Undergrad: 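Could you have a look at this structure, given as structure tokens, before my questions?
All residue numbers refer to positions in the sequence shown, counting from 1. Computed from a predicted structure; not experimentally measured.
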Amino acid sequence: MPKFERFSKLAKGESEFFQNHNGTLATRWQDSKEVIVLSNCHLPGIATVERTQRDGKKEKTECPVAIADYNKIMGGVELSDQKVSLYDFDRKSTEWWKKSVL
């Protein structure tokens, strides 16, 4: 994993790429928060995507290709995690059951 310069703050919309000799790409992109992605199937590049703003308007934004692909296919995983979070599976019970001895 390459070392990003943590002290250098990127401006919103800027990105930084590092790729090793095996083809593994590390991407750092500044949106409202910093986003870091590690990929072995993407090349360094920028894609233009449409993002829906809070007021409902669509705005074109540039982001790295690896992040654009992730956002395009992540819907199913995120929806599954959202539905699972509604159920409390790991609730601990305070009742103790006695074993019956026959």
Undergrad: Between Leu10 and Ile36, is there shared hydrophobic-cluster membership here, with clusters defined by ILVMFWY side-chain heavy atoms closer than 4.5 Å?
TA: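 They do not share one cluster, since no chain of ILVMFWY contacts under 4.5 Å joins Leu10 to Ile36.
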Undergrad: What about Ile46 and Leu25, same hydrophobic cluster or not, with Ile/Leu/Val/Met/Phe/Trp/Tyr joined at side-chain heavy-atom distances under 4.5 Å?
TA: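 Same hydrophobic cluster.
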Undergrad: Roughly how far, to the nearest 0.5 Å, is the CG atom of Asn22 from the OG1 atom of Thr24?
TA: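 It is 5.5 Å, given to the nearest 0.5 Å.
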Undergrad: Which residue pairs pass the side-chain hydrogen bond (donor to acceptor under 3.5 Å, both in side chains) test with at least one member in residues 36-54, sequence neighbours excluded?
TA: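 Matches after skipping sequence neighbours: Asp31-Arg51, Ser39-His42, His42-Asp69.
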Undergrad: How close do Ser15 and Trp29 get, counting heavy atoms only, and between which atoms?
TA: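 So the minimum-distance heavy-atom pair works out to CB-CD1, 3.9 Å.
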Undergrad: If I compare all heavy atoms of Phe17 with all of Pro64, which pair ends up nearest, and what's the gap?
TA: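 Between these two residues, the closest heavy atoms are CE2-CB, 3.9 Å.
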Undergrad: Starting at CZ of Phe18, measure out to CZ of Arg28 and round the result to the nearest 0.5 Å.
TA: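 If I round to the nearest 0.5 Å, the distance is 8.5 Å.
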Undergrad: Would you say the side chain of Gln19 lies within less than 4.5 Å of the side chain of Leu43, judging by non-hydrogen atoms?
TA: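 In short, these two side chains touch, coming nearer than 4.5 Å.
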Undergrad: Nearest 0.5 Å please: distance from the CD atom of Glu16 over to the OG atom of Ser8.
TA: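 Answer for the CD-OG pair, Glu16 versus Ser8, is 5.5 Å.
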